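Please read the structure below before turning to the comments.
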Amino acid sequence: MVLMPNTGHQINPMLPQFQIDTNFDLPTYLAEQKALVEKALDNSISIVYPEKIYEAMRYSLLAGGKRLRPILCLATCELAGGNIEMAMPTACALEMIHTMSLIHDDLPAMDNDDYRRGKLTNHKVYGEDIAILAGDGLLAYAFEFVATQTKNVLPQQVLEVIARLGKAVGAAGLVGGQVVDLASEGLSQVSEKTLHFIHTHKTGALLEASVVCGAILASASEINLQKLSRYAQNIGLAFQIVDDILDITATTEELGKTAGKDLEAQKATYPAIWGLEKSRCQAQILVQNAKAELEVFGEKALPLIALADFIISRTN
Ligand code: GRG
């Protein structure tokens, strides 16, 4: 059985894979893009009265992390002919949404974790009440930020981005995935179909929105949006398989959060169903399929190709 993302297309591991000769320097690219994102995030929220909530929002938003979602958004916007300035407000909003989901995920009512990104979780520092509100504040601000800060993009495109973000966050995306994840915890058997639903919604939806929103801001054609969307669905699933693998193979220090939580909470994971070796192999197939969707873009796709490789080679 070969794992399929929600692309409507069968994965064929026998297909010749898209190869492009590249000396693309991913570590430098990641460091530069990350620095731009960090600066924009730092400028996005200032501390005013009531200070406590703004401090709590900034605590988690500026706690580090790979910044993968904003970097994907910026890269896709550039690939589709746009520029970083057009996409930065959406890139920041994606990180605000991602961060709020981590704050809520770490709460005692959900995953109950004490550490995230190598630091104490938001509720451990500010208390559960403020952590819930910090998440709510970030979520609301993300939409305000896109609506008020996006420049040099047609209103129709901004509206489309807001609609896509809303869908990715709500019951049709992250929230829906989290609900099924919580309901599946501790069950002796979770089907592959259910696991697929959890991960395409809980993790895949926001990664897909990151890529697609970048392309929308640059007025990409419908056919290119579809290719980029399939690229994102493939890397989204690969990302989650690797996340499941790392939960078993990496240390708490490497992850910046408690390792081995999935086993402890008896969570359904890909390694639990397939074992480590097949999980690694499936992640690789998904990344190859993701890269094949980029063939038409030629050299402009180098950052997205390198980011797809990064998703399976990462150690945290
Ligand atoms: C979105 C309204 C709303 C509520 C939240 C709690 C919840 C509903 C959803 C859970 C979403 C969740 C925590 C998914 C896990 C996604 C994931 C794999 C996170 C790790 O992402 P990385 O590795 O983390 O990109 P860094 O720290 O590098 O940013």
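Just so you know, ligand 1 is whichever comes first in the structure, and atom 1 is the first atom listed for that ligand. The structure presented is a predicted model; accordingly, all values stated were derived computationally and were not measured. Position 1 is the first residue of the sequence, and the numbers go up from there.
For atom 16 (C) of ligand 1, the closest non-hydrogen atom of the protein is Thr203 OG1, 3.7 Å. Looking only at protein heavy atoms, the nearest one to atom 14 (C) of ligand 1 is Lys202 CE, 3.4 Å. Among protein heavy atoms, the minimum distance from atom 25 (O) of ligand 1 is reached at Arg69 NH1, 2.8 Å. Scanning the protein for heavy atoms near atom 28 (O) of ligand 1, the closest one is Lys66 NZ, 2.8 Å.
Under the 3.5 Å distance criterion, with hydrogens and angles disregarded, no donor-acceptor pair is assigned to the side chains of Asn289 and Glu293.
Nearest heavy-atom pair across Ile198 and Ser184 is CD1-OG, 3.7 Å. Residues Asp181 and Lys202 share a closest heavy-atom pair of OD2-NZ, 2.6 Å. Of all the heavy atoms in Ile71 and Lys34, the pair that sits closest is CD1-N, 4.0 Å.
Considering Met100, Arg314, Gln178 only, the shortest heavy-atom separation from atom 4 (C) of ligand 1 involves Met100. Comparing heavy-atom distances from atom 26 (P) of ligand 1 across Met110, His201, His98 singles out His98 as nearest.
Counting non-hydrogen atoms of neighbouring residues, nucleotides and ligands closer than 6.0 angstrom, the OH atom of Tyr29 exceeds 12 such neighbours.
The distance from ligand 1 to the heavy atoms of Leu139 drops below 4.0 Å at these ligand atoms: 2 (C).
For Leu68, the heavy-atom gap to ligand 1 stays at 4.0 angstrom or more. Contact analysis puts Gln240 in contact with ligand 1, with a non-hydrogen atom separation below 4.0 angstrom.
Under the 30°/60° scheme for interplanar angles, the aromatic rings of Tyr59 and Tyr126 are found to stand perpendicular.
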